[in-house]
A.B. asks: 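Please see the structure below; I have some questions.
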2 protein chains.
Amino acid sequence: MDRKNLQDTAPRLPIGMLSRRTGCNIETIRYYEKIGLLPAPARSDGGHRLYGHGHLMRLGFVRRARELGFTLDEIRALLRLAEDRDRPCAEAREVAAAHLTDIRTKIADLQAMESVLADTVVRCADGKTPECPLLETLFGSIDPSASG
Amino acid sequence: MDRKNLQDTAPRLPIGMLSRRTGCNIETIRYYEKIGLLPAPARSDGGHRLYGHGHLMRLGFVRRARELGFTLDEIRALLRLAEDRDRPCAEAREVAAAHLTDIRTKIADLQAMESVLADTVVRCADGKTPECPLLETLFGSIDPSASG
DNA sequence: CTTGAACCTGTAGCCACTACAGATCCTATC
DNA sequence: GATAGGATCTGTAGTGGCTACAGGTTCAAG
């Protein structure tokens, strides 16, 4: 069985089933269809969506990529690479490497926030300063006498 | 001079000046006014906003708090505490402590993403696997033969 | 009095969903 | 075949925290 057969769309699963199988909200699934991330599935006579195995795999891919913080645009690119089996690895690595840089930047930013806040909260807990250290920190160092 | 005199709104600065002094976009300043985070300033005869020292301090406060990742709602709460000088420290500490927890959760989440991705990118770079390790990771372990 | 920068209001867009409202369909039971 | 109620349908609007216009008015310098 080819796990990457994204073209297999033989209609089987209604949307609620797909939702349960992937852990993805029904609304989100419809949203992914609307923005073209998930191809429109077959419909029952009454108009209900019926998904195939390809949809299941594709949505699983999207969910996993989201868990790793990829944006929907990045995921779109990765899906294209997954379909084009010729030269995906180098390009996929590029997408991932760029994303990794983003993540590391975010971690660094959050760690900077964390250290300032942790320090401030400790000083608040001390109760050794007359003013609230947190509020003092936030009032910061704008000099109101400087001319703009 | 009391740095916390947020009530001083004697009209002096036009919005562009306030923007330059605080590093906050003009659009953002107007947005903060619209959502009630920054009080509406005086106006010139022609209708241009004229800000006072209190606005400068308040907006500085907001910007610093944003840099520490506080949400606008949290900042609203902190500003209320800053105005009410009686029992702010314990409550401000609570707001900050809750936010600190959020930040630490986010850091942990990002570090989890980082380690998976860093590992995968390295394996991509190896070129030792026939398939692309990144795409393999994203195709994950959904078992299509399991019944939903 | 003219120029052009600064400012005004209001609306729409961004991302990635989420939450309805109000209608229709599907399936199981009687 | 009727009925109940869960599942699904479409479409719209809201979230947070801005940002980007369009199309108009005002301000300050020369």
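Every chain is numbered from 1, with letters handed out A, B, ... down the list of sequences.
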A.B. asks: Could B:Arg123 and B:Asp119 be called an ion pair, given the rule that one side-chain N must be under 4.0 Å from one carboxylate O?
C.D. replies: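 Salt bridge flag = yes for B:Asp119 with B:Arg123.
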A.B. asks: Which of residues 70-78 of chain B sit near DNA chain D, with a heavy atom under 4.0 Å from it?
C.D. replies: B:Thr71, B:Leu72
A.B. asks: Just N and O in the side chain of B:Ser44: are any of them under 4.0 Å from OP1 or OP2 of D:dC27?
C.D. replies: yes
A.B. asks: Listing request: all ring-ring contact (aromatic ring centres under 6.0 Å, His included) pairs with a residue in residues 108-129 of chain A, at least two apart in sequence or in separate chains.
C.D. replies: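 Found none.
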A.B. asks: Who are the side chain to side chain contact (heavy atoms under 4.5 Å, CB included) partners of A:Cys24, not counting sequence neighbours?
C.D. replies: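 Counting only residues at least two positions away or on another chain, A:Cys24 forms a side chain to side chain contact (heavy atoms under 4.5 Å, CB included) with A:Thr22, A:Thr28, A:Ile29, A:Tyr32, A:Leu59, A:Arg63.
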A.B. asks: When you measure from the side chain of B:Thr105 to the backbone of B:Thr101, do you find a donor-acceptor pair of N or O atoms at a distance under 3.5 Å?
C.D. replies: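 Answer holds: yes.
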A.B. asks: Going 5' to 3' along nucleotides 6-13 of chain D, which nucleotides have protein heavy atoms under 4.0 Å from the base (write B), which only from the sugar-phosphate (write S), and which from neither (write -)?
C.D. replies: --SBB-B-
A.B. asks: Can a donor-acceptor pair be found, under 3.5 Å and without considering hydrogens, that links the side chain of B:His55 to the backbone of B:Pro39?
C.D. replies: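 Yes; judged by distance alone, with no hydrogens or angles, the pair exists.
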A.B. asks: According to salt bridge (Lys or Arg N to Asp or Glu O under 4.0 Å), who are the partners of B:Arg104, at least two apart in sequence or on a separate chain?
C.D. replies: A:Glu114
A.B. asks: Donor-acceptor pair, distance only, cut-off 3.5 Å: does the side chain of B:Ser19 make one with the backbone of B:Ile15?
C.D. replies: no
A.B. asks: On the nucleotide D:dC18, are OP1 or OP2 found under 4.0 Å from the side-chain N or O atoms that B:Tyr32 carries?
C.D. replies: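 Affirmative; the distance criterion is met.
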A.B. asks: Checking A:Ala98 now: which residues fulfil side chain to side chain contact (heavy atoms under 4.5 Å, CB included) with it, not counting sequence neighbours?
C.D. replies: none
A.B. asks: Run the side chain to side chain contact (heavy atoms under 4.5 Å, CB included) test against B:Asp45 and tell me which residues pass, sequence neighbours left out.
C.D. replies: none
A.B. asks: Excluding sequence neighbours, so at least two apart, what forms salt bridge (Lys or Arg N to Asp or Glu O under 4.0 Å) with A:Arg76?
C.D. replies: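 Counting only residues at least two positions away or on another chain, A:Arg76 forms a salt bridge (Lys or Arg N to Asp or Glu O under 4.0 Å) with A:Asp73.
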A.B. asks: Between the protein and nucleotides 28-30 of chain D, are there any N/O to N/O pairs under 3.5 Å, and if so, what are the atom names and distances?
C.D. replies:
none

A.B. asks: Taking any atom under 4.0 angstrom from a heavy atom of chain A, which nucleotides of DNA chain C are the first and last to qualify, 5' to 3'?
C.D. replies: C:dA16 to C:dC26
A.B. asks: Taking CZ from B:Arg66 and C1' from D:dG17, how many angstroms apart are they, rounded to a whole number?
C.D. replies: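 Going from CZ in B:Arg66 over to C1' in D:dG17 covers 6 Å.
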A.B. asks: Using side chain to side chain contact (heavy atoms under 4.5 Å, CB included) as the criterion, list what pairs up with B:Gln111, not counting sequence neighbours.
C.D. replies: A:Ile107, A:Gln111, B:Ile107
A.B. asks: Looking at A:Arg58 and A:Leu37, would you say the former's side chain and the latter's main chain have a donor-acceptor pair under 3.5 Å?
C.D. replies: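 Yes, A:Arg58 side chain to A:Leu37 backbone: donor-acceptor pair under 3.5 Å.
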A.B. asks: If a pair satisfies ring-ring contact (aromatic ring centres under 6.0 Å, His included) and one of its residues is in residues 64-115 of chain B, list it, with sequence neighbours excluded.
C.D. replies: B:Phe70-B:His99
